[in-house]
Number of protein chains: 2
Amino acid sequence: MIRVQQASNSLPPAALRLSRLAPLSGEELMAVVAAIDRSSQTPARRELLSEGRKIAEPRMIVSGWAARVRLLADGRRQLLSFLLPGDLVGMCRQPEPLAVSTVVAVTALTSCAAPSAGKFPQLADAYAISEALEEARLLSQIARLGRMNAQERIGDLLLELHERLSLCGLADETGFDLPLTQELLADALGLTSVHVNRVVQTMRRANDLEWRGRRLHLPNPAELARKIGRAPIRVTSASHA
Amino acid sequence: MIRVQQASNSLPPAALRLSRLAPLSGEELMAVVAAIDRSSQTPARRELLSEGRKIAEPRMIVSGWAARVRLLADGRRQLLSFLLPGDLVGMCRQPEPLAVSTVVAVTALTSCAAPSAGKFPQLADAYAISEALEEARLLSQIARLGRMNAQERIGDLLLELHERLSLCGLADETGFDLPLTQELLADALGLTSVHVNRVVQTMRRANDLEWRGRRLHLPNPAELARKIGRAPIRVTSASHA
DNA sequence: CGGCCATTTGAAGGAAGTCAAGCGTAGTGG
DNA sequence: CCACTACGCTTGACTTCCTTCAAATGGCCG
């Protein structure tokens, strides 16, 4: 047991996340780690996928943040979701798939070809669970934008990011590295950066969060979750997920 | 050619839609029609799926409208998407799947077990394309709620519904049967029914739409789409979709 | 030091929400 | 057949949340 945890802790975040979604065999884990070893780099702001264009190959985020984006005709921008280490980009089952959204690197990014799950049943499960989680997050995003006020939106999204980063070992109990500007956060939450700024300051004064530079500190995530009425996401009844 | 169209026109809407997503073989079409023949009824307002509970079996809407719903802790309600004839409910690939959202019947509903695509490659394609379209619509819904004003939201959603119903033969060039109250529309659009009412009236005065009882009439869908900057959704480069 | 970018602050305006009442219509039951 | 009810639509007055525009501040890096 102890040895397993030590092994887990030495895994790259993306592999750690997959193995937590579905327990991977040694062989599968090796395939994942091998894929990660053949990663490539993408500078910040570069597009990984372009809406309406063909998808070349499914990839996995290894490190850094990306975001799915929609642009309206007049330039308004909406971030649809954030993609974190272990998340998949461009996974589709239909023939000749077109990207349904642009994907851009938010930070400098490392990504790799998503290892094929053809011969790996547990990995296929992990992919399926990962996709179900992504869908659940899109639904949460809809409820967030449709029915929450600015303070709830900000708290809810930060808690979601905290949960997700915890799953790949990139967050501690009370905080994580948040490489976003207030403007990007506003574009994700359907707000203006000016209003995000004001509300964040209110939340700072209420001691709901500290956020200086790239470090976000949540003094009491459970209390914040209670305050804004957030429930975590589940997509399987299996205990490990 | 004429005979094919006649055959298409005699198909039930749900089967027509699937066959338009991917051209089904005669055998596949028969399996779909057979499944539709074993439909069951659900009264309006009844839940088909309950968030967080196990999914029994993937089903397909045969007739009537359903909606995916999220409820916030304090009773606020957000409709996530509408499910129309030919749409799938509870399609998942992971083991022990839990519903990520409640699904309720908006109208009295007919649904059937989704025919297994195991031996039917074209049907599997149709399912894959259907899921990709559903994801694309969720993304559109996010952009709608995040970055559009009330008038754009209403117009955009009505145009989406028009396109979708056209695909299963349930709309004509300039309108369709809209079995929603202004309150339901408001819950889908992140607005209040009072505000939906006011905006619908200004749109009526601008001759953007007529809506009396259950009949929605769009005098000029293309012009409305241009006015609000809407582009239709595509997920394959194949010409038939 | 200077330039750039993100954050912060202020003042004013507008889009949408809230509360409450009135209206129309379809269905129901005496 | 007509009151009675229920539900959805409509309207008005007022409030709130968020945006807009503009300018100032602060940190970081060349």
Give a yes/no answer on whether the side chain of Gln182(A) brings an N or O atom under 4.0 Å of OP1 or OP2 in dT8(C). yes
Could you walk me through whether Leu161(A) and Leu84(A) satisfy the side-chain contact (heavy atoms from CB on, under 4.5 Å) test, starting with their C-alpha distance in whole Å, then the side-chain angles of each, then the deciding distance to 0.1 Å, before giving a yes or no? CA-CA 9 Å; Leu161(A) 293 169; Leu84(A) 308 181; 4.2 Å; yes
Compare all side-chain heavy atoms of Leu178(A) with those of Arg215(A) and state whether any distance is below 4.5 angstrom. no
Whichever of Glu183(B) and Arg198(B) has the more 5' nearest nucleotide on DNA chain D, that residue is Glu183(B)
So which one's nearest nucleotide on DNA chain C is more toward 5', Trp211(A) or Arg147(A)? Trp211(A)
Roughly how many Å is it from CD in Glu152(A) to C1' in dC17(D), rounded to a whole number? 12 Å
Residue Thr181(A), side-chain heavy atoms: nucleotide from dT11(D), dC18(D), dA6(C) that is nearest: dA6(C)
Would you kindly give the CG-to-P distance between Asn149(B) and dC18(D), to the nearest whole Å? 16 Å
Of all the nucleotides listed (dT19(D), dG8(D), dT8(C)), which has the minimum atom distance to the side chain of Thr192(A)? dT19(D)
Separation of dC9(D) P from Leu191(B) CG (nearest whole Å): 15 Å
Arg204(B) and Gln201(B): side chain donor to acceptor below 3.5 Å: no
Separation of Leu178(A) atom CG from dT7(C) atom P, in whole Å? 10 Å
May I ask you to say what Gly190(B) touches in the nucleic acid, namely base, sugar-phosphate or nothing, with a heavy-atom cut-off under 4.0 Å? sugar-phosphate
Donor-acceptor side-chain pairing of Ser130(A) and Arg17(A) below 3.5 angstrom: yes
Can you check side-chain contact (heavy atoms from CB on, under 4.5 Å) on Glu135(A) and Ser101(B), steps first, answer last? CA-CA 10 Å; Glu135(A) 182 183 6; Ser101(B) 71; over 6 Å; no
When we call it a touch if two heavy atoms are under 4.0 Å apart, what does Arg204(B) touch: a base, just sugar-phosphate, or nothing? sugar-phosphate
Taking dC9(D), dT8(C), dC18(D) as options, the one with an atom nearest any side-chain atom of Asn197(B) is dC9(D)
Measure from the side-chain heavy atoms of Val194(B) and tell me the nearest of dG17(C), dG12(D), dT8(C). dG12(D)
Is there a donor N/O on one and an acceptor N/O on the other, under 3.5 Å, for the side chain of Arg212(B) and the base of dT25(C)? no
Just the rounded figure in Å: distance from P of dC21(D) to NE2 of His195(A). 17 Å
From CD1 of Ile154(B) over to P of dA15(C), roughly how many Å is that when rounded to an integer? 14 Å
Starting from C1' on dA15(C), measure out to CZ on Arg76(A) and report it in whole angstrom. 13 Å
Please classify the nucleic acid contact of Val199(B) as base, sugar-phosphate, or nothing, using heavy-atom distances under 4.0 Å. nothing
note: Leu189(A), atom CG; dC17(D), atom P; distance rounded to Å ~ 17 Å
